[in-house]
Amino acid sequence: MPRPMFSYTKSILERVSFDSKLFCKELEKAVRILLPYEIDQLRDWLLQFTKEKPELRQCLIYIK
């Protein structure tokens, strides 16, 4: 996938972060689409992003 897919994924996750169930669903889709190195980058980004939103931390199981 080209680099824009990673940016698109981040923007979608930011938009749906109000609902943890929807966030998890979108994260699952992202893991199926992104390349392995992009998943590593997404993991790093998610660790930072979920510091402010601890209710989303349960979704991190999809990328570990």
Side-chain angles (χ1 to χ4, degrees):
M1 288 282 146
R3 185 79 179 136
M5 193 61 191
F6 176 69
S7 298
Y8 176 73
T9 298
K10 284 193 330 185
S11 71
I12 293 295
L13 290 172
E14 287 172 345
R15 285 188 219 147
V16 299
S17 63
F18 65 91
D19 180 2
S20 62
K21 194 176 220 181
L22 188 54
F23 187 86
C24 290
K25 185 177 177 181
E26 289 298 328
L27 184 56
E28 276 186 281
K29 282 199 268 186
V31 169
R32 288 192 303 252
I33 293 170
L34 295 175
L35 295 173
Y37 76 92
E38 290 175 319
I39 293 173
D40 292 338
Q41 292 174 337
L42 184 63
R43 182 181 300 117
D44 295 339
W45 177 81
L46 280 169
L47 290 173
Q48 287 293 355
F49 185 71
T50 57
K51 280 184 182 177
E52 300 167 7
K53 301 177 186 299
E55 67 276 7
L56 299 177
R57 278 201 157 299
Q58 66 185 359
C59 300
L60 293 178
I61 62 169
Y62 295 111
I63 60 166
K64 291 190 179 203

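In this text the structure is predicted, and so the values were computed from the model without any measurement. We count residues from 1, following the sequence as given.
In terms of heavy atoms, Phe6 sits closest to Gln41 at CZ-CB, 3.7 Å. Between Glu55 and Ser20, the closest heavy-atom pair is O-CB, 3.9 Å. Considering all non-hydrogen atoms of both residues, Phe23 and Leu46 come closest at CZ-CD2, 3.5 Å.
For the salt bridge (charged side-chain N to carboxylate O under 4.0 Å, His left out) test, residues two or more places apart in sequence or in another chain that qualify with Asp40 are Arg43. Residues satisfying the side-chain hydrogen bond (donor to acceptor under 3.5 Å, both in side chains) test with Arg15, not counting sequence neighbours, are none. Every residue two or more places apart in sequence or in another chain that forms a side chain to side chain contact (heavy atoms under 4.5 Å, CB included) with Thr50 is listed here: Leu56, Arg57, Leu60.
Under the disulfide (SG to SG under 2.5 Å) criterion, the residue pairs touching residues 5-64 are Cys24-Cys59, with sequence neighbours excluded. Applying the salt bridge (charged side-chain N to carboxylate O under 4.0 Å, His left out) test to every pair with at least one member in residues 22-34, sequence neighbours left out, gives these pairs: Glu26-Lys29. For residues 38-61, the pairs satisfying ring-ring contact (aromatic ring centres under 6.0 Å, His included) are Trp45-Phe49, with sequence neighbours left out.
Atom CD1 in Ile63 sits 8.5 Å away from atom CD1 in Ile39 (nearest 0.5 Å). Separation of atoms OG1 (Thr9) and CG (Leu34) is listed at 4.5 Å; rounding is to 0.5 Å.
None of Ile12, Leu13, Ile61 except one satisfies the side chain to side chain contact (heavy atoms under 4.5 Å, CB included) rule with Leu27; the exception is Leu13.
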